Undergrad: 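If you scroll down you'll find the structure; I have some questions about it.
Every chain is numbered from 1, with letters handed out A, B, ... down the list of sequences. Please read all numbers here as calculations on a predicted model, not as lab measurements.
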Amino acid sequence: MTADRPKDFIREIIDADLAAGRHQKIVTRFPPEPNGYLHIGHAKSICLNFGIARDYGGVCHLRFDDTNPTTEDAEYAEAIMRDVRWLGFDWGDKLFYASDYYERLYQLAEELIEKGLAYVCDLNEDEISAYRGSITEAGRPSPHRERTVAENLQLFRSMRAGEYPDGSRVLRAKIDMASANMKLRDPLLYRIKHAHHYRSGDRWCLYPLYDFAHPLSDAIEGITHSICTLEFENNRDIYDWLVDHLTLPARPRQYEFARLNLTYTLMSKRKLLQLVEEERVSGWDDPRMPTIAGLRRRGVTPEALRAFATRVGVAKNNSTVELALFEHTLREDLNERSPRVLCVLDPLEVVIENYPEGQSEELDAALWPHDVPKEGSRKLPFGRRLFIDQSDFSENPPKDFFRLAPGREVRLRHAYVIRCDRVVKDPAGNVTQLICSYDPSTRGGDAGGRKIKGTLHWVSAEHAVDVEVRLYDRLFSVEIPGAGGGDPLADLNPGSLVVRTGCKAEPSLRSAVAGDRFQFEREGFFFVDPLASRPGAPVFNRTVSLKDSWAKAAAKAEPKAEPRAAKAKAPEKPSAREALSPEAQALVERHGLSPEDARVLGEPGPLRALFDAALAFHGNARGLAAWIVNELPPEARAGKPLPFSARELAELSSLIDDGTLSGALGKKVLAEMLQGGGSPKAIVERLGLKQIGDPAALAPVVDRILAENAAIVARYKAGNKNVLGALTGMVLKETRGQANPKLVSQLLLDRLG
RNA sequence: UGGGGGAUCGUCUAAUGGCAGGACACAAGGCUCUGGUCCUUGGUAUCUAGGUUCGAAUCCUUGUCCCCCAACCA
């Protein structure tokens with residue numbers, strides 16, 4: 001359904017891996033820790049991982065990353081499985097637990113020790129932290145770093161045997177205490193915890209840390225693409241180090257994408273837990289929670305959630321998606337599947353004066369609007385006493401109010417046109433009753449020729465069912481809770497739940513059962529709460545309101561609500577660009593290089609060496625410099641040897657200078673040289689690449705392209721000068737890149753006037 | 001301050017040297033027995049400054065801003 005969406009960067013990588021034959025089958029994994037409930041951010045990850053498996057005919061494992069006995073629980077694991085299944089994904093028999101790998105992981109740790117790549121460290125937590133150094137200072141080696149293999153092995157085994165108390169010793173990888181990447185400063189692999197684990201019981205008093213368990217679990221399972229969120233980018237170095245140094249059945253790769261953030265929502269597991277524990281919400285499945293369980297109970301469908309996940313896309317930008325996009329996706333889905341019914345949330349009594357006392361009738365009412373291709377209807381009783389919504393009446397109607405007001409007419413949906421004749425008030429001046437009259441000729445709502453602007457939902461007082469309705473709104477009242485640096489929970493929306501009892505529903509709703517979905521016309525989409533509802537007494541949760549352009553227009557009359565704070569344009573400090581080094585300055589003066597090129601070539605290194613060497617064969621320093629700086633791949637700068645010599649590069653430059661090659665052709669030749677090496681002249685010869693500089697030869701091609709692309713030409717003439725580039729590109733392509741681009745451009749310009 | 005990432009309409013996301021596109025949001029209009037849906041139309045973006053190129057969001061240089069990293073959490 002959204003198959004036309006372009007591929008995300010992860011799928012591009014997979015395509016390339018498959019094309020290169022690196023994998024036959026794609027294996028991904030979703031690795032939750034069972035220490036909390038899944039939220040909509042996890043849903044994005046689930047859709048990505050399981051979606052990739054589905055798209056590529058691979059598999060996605062569900063693996064519990066349960067390496068911390070003190071926070072994890074079987075109940076969470078159960079809830080997670082329930083949620084993933086509900087979302088519509090199936091892991092088949094690929095259900096795994098890191099805790100099932102404890103023995104194997106332990107053996108791997110011993111392997112590391114035996115290779116001299118891990119050691120037991122007796123420093124305490126504070127000391128380890130102090131030894132680690134800081135972002136700017138290198139760490140210092142632990143005093144235990146140079147223990148012998150035998151000693152480490154003995155100590156590690158004793159740790160396993162339970163001979164030491166919690167926190168007394170850890171196992172650390174021996175990597176580099178001076179690494180610029182803090183994660184590599186001898187990361188901890190195992191810690192002692194005499195704690196009961198929900199699965200392994202009391203068998204272990206030693207538990208691996210994420211950085212150790214995760215990559216190795218991936219490798220054990222043969223995961224090909226291990227997809228996680230951005231904050232793990234630094235951890236990738238440990239990941240690679242471990243899988244490269246251990247004897248493992250597979251070599252998985254980690255890729256990172258941006259986690260989902262949503263406005264007016266919080267995604268932090270810790271904060272969500274706090275909401276639950278402090279009873280700011282009714283539980284993990286409170287319909288205001290962004291948890292999958294909460295969304296499900298609110299009435300969100302798995303289809304809508306999945307559609308949303310594909311709509312937000314997968315990229316590496318830190319981003320915050322507007323809640324409006326989610327609501328739109330939700331309405332789109334609900335619109336198709338929700339039968340329309342009438343329910344008055346805030347009742348106001350209406351008496352139809354000219355309708356006979358004690359009489360009633362049944363009206364036929366379609367359950368679906370004209371735009372939903374579904375059949376079905378129900379009976380709607382009509383009588384002398386009715387309810388409409390308070391907000392549908394105004395004694396002093398504002399401009400453009402086309403609901404009920406004294407003396408005005410409206411249509412009651414599926415019923416009659418009525419007119420408001422009088423208003424009854426209580427002593428305090430509140431409107432308590434509307435005395436109206438109906439037009440019997442408009443039965444079924446057909447007003448004949450008359451133009452009736454407003455149509456109201458209503459319900460017969462005599463037949464109405466009293467129901468409870470829970471109106472849910474966004475959990476937070478600001479876009480980014482805690483943005484100002486304060487406690488995010490201070491930004492909770494006090495109006496996020498309004499419980500309305502005594503709502504008046506049409507009688508057919510008496511038989512609504514848990515899990516049913518409806519649209520209450522002109523109000524919103526509602527879901528019968530599975531927990532609170534009783535037979536004959538449904539409780540309705542508002543999943544999402546209908547779009548309300550009247551409310552919006554009315555709000556606009558009010559002083560403007562604060563618009564979303566525009567991203568403050570960078571203040572742009574006019575800091576001085578760094579001065580050229582003396583060496584670079586010398587290049588500018590001696591060879592007339594541009595400062596940009598000189599800056600690069602002013603540094604000693606492979607590029608500079610290449611430049612100097614090539615200069616001996618060809619005198620055009622500027623041209624040489626531009627090619628070396630701008631066109632050579634980044635690896636060349638890092639010192640990767642090039643498959644061609646300085647002499648050959650000089651030869652290329654002279655071919656361009658003498659007009660044999662255009663710049664574009666030069667790039668083609670360079671690409672060829674990068675591929676297989678060889679002399680540019682030979683490549684030109686072999687590929688038959690020669691610049692076409694004869695206008696007579698090019699003119700027919702230009703004319704043909706122009707003739708074939710009348711639409712583009714028209715756009716050009718209409719003022720879009722950018723399409724000239726597209727036309728140039730076509731001519732170039734047509735001549736295998738051999739046309740002289742300047743000439744083509746000129747020819748094009750001549751003809752386009 | 002070291003390292004790792006990232007900067008494209010208000011928001012999210014495409015364009016892999018050749019017409020800056022789509023969705024949401026917003027605005028205007030149409031349709032309508034839901035002020036819903038649907039339809040039409042519109043404005044709005046390549047962080048800065050240079051360079052390379054016939055042509056740059058894309059390649060090079062420079063500066064700016066944002067995020068992540070110094071848990072025995074994941």
Undergrad: Tell me what A:Val372 touches on the nucleic acid: a base, only sugar-phosphate, or nothing, going by heavy atoms under 4.0 Å.
TA: nothing
Undergrad: With distance as the sole test, does A:Asn709 use its side chain to make a donor-acceptor pair with the main-chain N or O of A:Ile712 at under 3.5 Å?
TA: no
Undergrad: How would you summarise protein contacts on nucleotides 20-30 of chain B per nucleotide, using B for base, S for sugar-phosphate only and - for none, with heavy-atom distances below 4.0 Å?
TA: S--SSSSSS--
Undergrad: Which part of the nucleic acid, if any, lies within reach of A:Ser319 when heavy atoms closer than 4.0 Å are counted: base, sugar-phosphate only, or nothing?
TA: sugar-phosphate
Undergrad: Can you tell me if A:Thr455 and A:Arg413 form a side-chain donor-acceptor pair at under 3.5 Å?
TA: no
Undergrad: Report yes if a side-chain nitrogen or oxygen of A:Asn317 is closer than 4.0 Å to either non-bridging phosphate oxygen (OP1 or OP2) of B:A7; otherwise report no.
TA: yes
Undergrad: Applying a 4.0 Å non-hydrogen cut-off, can you work out what A:Glu12 is touching in the nucleic acid: base, sugar-phosphate, or nothing?
TA: base
Undergrad: Hey, does A:Asp597 reach any base, or is it just sugar-phosphate, or nothing, if we go heavy atoms under 4.0 Å?
TA: nothing
Undergrad: To the nearest angstrom, how far is A:Leu670 atom CG from B:U53 atom C1'?
TA: 14 Å
Undergrad: Under 3.5 Å, is there an N or O donor on one side and an acceptor on the other linking the side chain of A:Lys733 and the base of B:G18?
TA: no
Undergrad: Find the distance A:Leu412:CG to B:U34:P and express it as a whole number of Å.
TA: 13 Å
Undergrad: Looking across every strand, which nucleic acid part, if any, lies under 4.0 Å from A:Arg340 by heavy atom: base, sugar-phosphate, or nothing?
TA: base
Undergrad: Once you round it to whole Å, what is the distance between P of B:A15 and CZ of A:Phe9?
TA: 12 Å
Undergrad: Treating primed atoms plus P, OP1 and OP2 as sugar-phosphate and everything else as base, which nucleotides of nucleotides 68-74 of chain B get B, S or - for protein heavy atoms under 4.0 Å?
TA: BBBSBSB
Undergrad: A:Asn630 has an atom CG; how far is it from atom P of B:U58, in whole Å?
TA: 12 Å
Undergrad: Report the distance from atom CG of A:Leu593 to atom P of B:U61, rounded to the nearest whole Å.
TA: 15 Å
Undergrad: Which part of the nucleic acid, if any, lies within reach of A:Arg637 when heavy atoms closer than 4.0 Å are counted: base, sugar-phosphate only, or nothing?
TA: sugar-phosphate
Undergrad: Check the distance between B:U32's C1' and A:Trp550's CH2 and give it to me in whole angstrom.
TA: 18 Å
Undergrad: Under 4.0 Å, heavy atoms only, any strand: does A:Asp371 hit a base, just the sugar-phosphate, or nothing?
TA: base
Undergrad: Check every strand shown and say whether A:Phe308 touches a base, only sugar-phosphate, or nothing at a heavy-atom separation below 4.0 Å.
TA: nothing
Undergrad: Taking B:C65 as the reference, what is the distance to B:A23 when you measure between their P atoms (whole Å, please)?
TA: 36 Å
Undergrad: Using a heavy-atom cut-off of under 4.0 Å over every strand shown, decide if A:Arg599 touches base, sugar-phosphate, or nothing.
TA: sugar-phosphate
Undergrad: Could you check how far CG of A:Asp333 sits from P of B:U37, rounded to whole Å?
TA: 15 Å
Undergrad: Would A:Lys316 pass as a cation-pi partner of A:Phe257, given that its NZ or CZ must be under 6.0 Å from the six-membered ring centre and within 45 degrees of the axis?
TA: no
Undergrad: Select base, sugar-phosphate, or nothing to describe what A:Leu732 touches, counting heavy atoms under 4.0 Å on all strands.
TA: base
Undergrad: Starting at the 5' end of RNA chain B, what dot-bracket string do you get if Watson-Crick and G-U pairs under 3.5 Å are bracketed, crossing pairs use [ ], other-strand pairs use | and unpaired bases use dots?
TA: .((((((..((((....[..)))).(((((.......)))))....(.(((..]....))).))))))).....
Undergrad: Give a yes/no on whether any side-chain N or O of A:Ser594 is located under 4.0 angstrom from OP1 or OP2 of B:G50.
TA: no
Undergrad: Which part of the nucleic acid, if any, lies within reach of A:His457 when heavy atoms closer than 4.0 Å are counted: base, sugar-phosphate only, or nothing?
TA: nothing
Undergrad: Just the rounded figure in Å: distance from P of B:C66 to CG of A:Asn318.
TA: 12 Å
Undergrad: So, for A:Asn740 and A:Leu698, which heavy atoms are closest and what is the spacing to 0.1 Å?
TA: N-CD2, 4.2 Å
Undergrad: Assess the side chains of A:Ser391 and A:Asp389: does a donor N or O sit below 3.5 Å from an acceptor N or O?
TA: yes
Undergrad: Check every strand shown and say whether A:Gln519 touches a base, only sugar-phosphate, or nothing at a heavy-atom separation below 4.0 Å.
TA: base
Undergrad: Between A:Lys193 and A:Asp166, is there a side-chain N and carboxylate O pair less than 4.0 Å apart?
TA: no
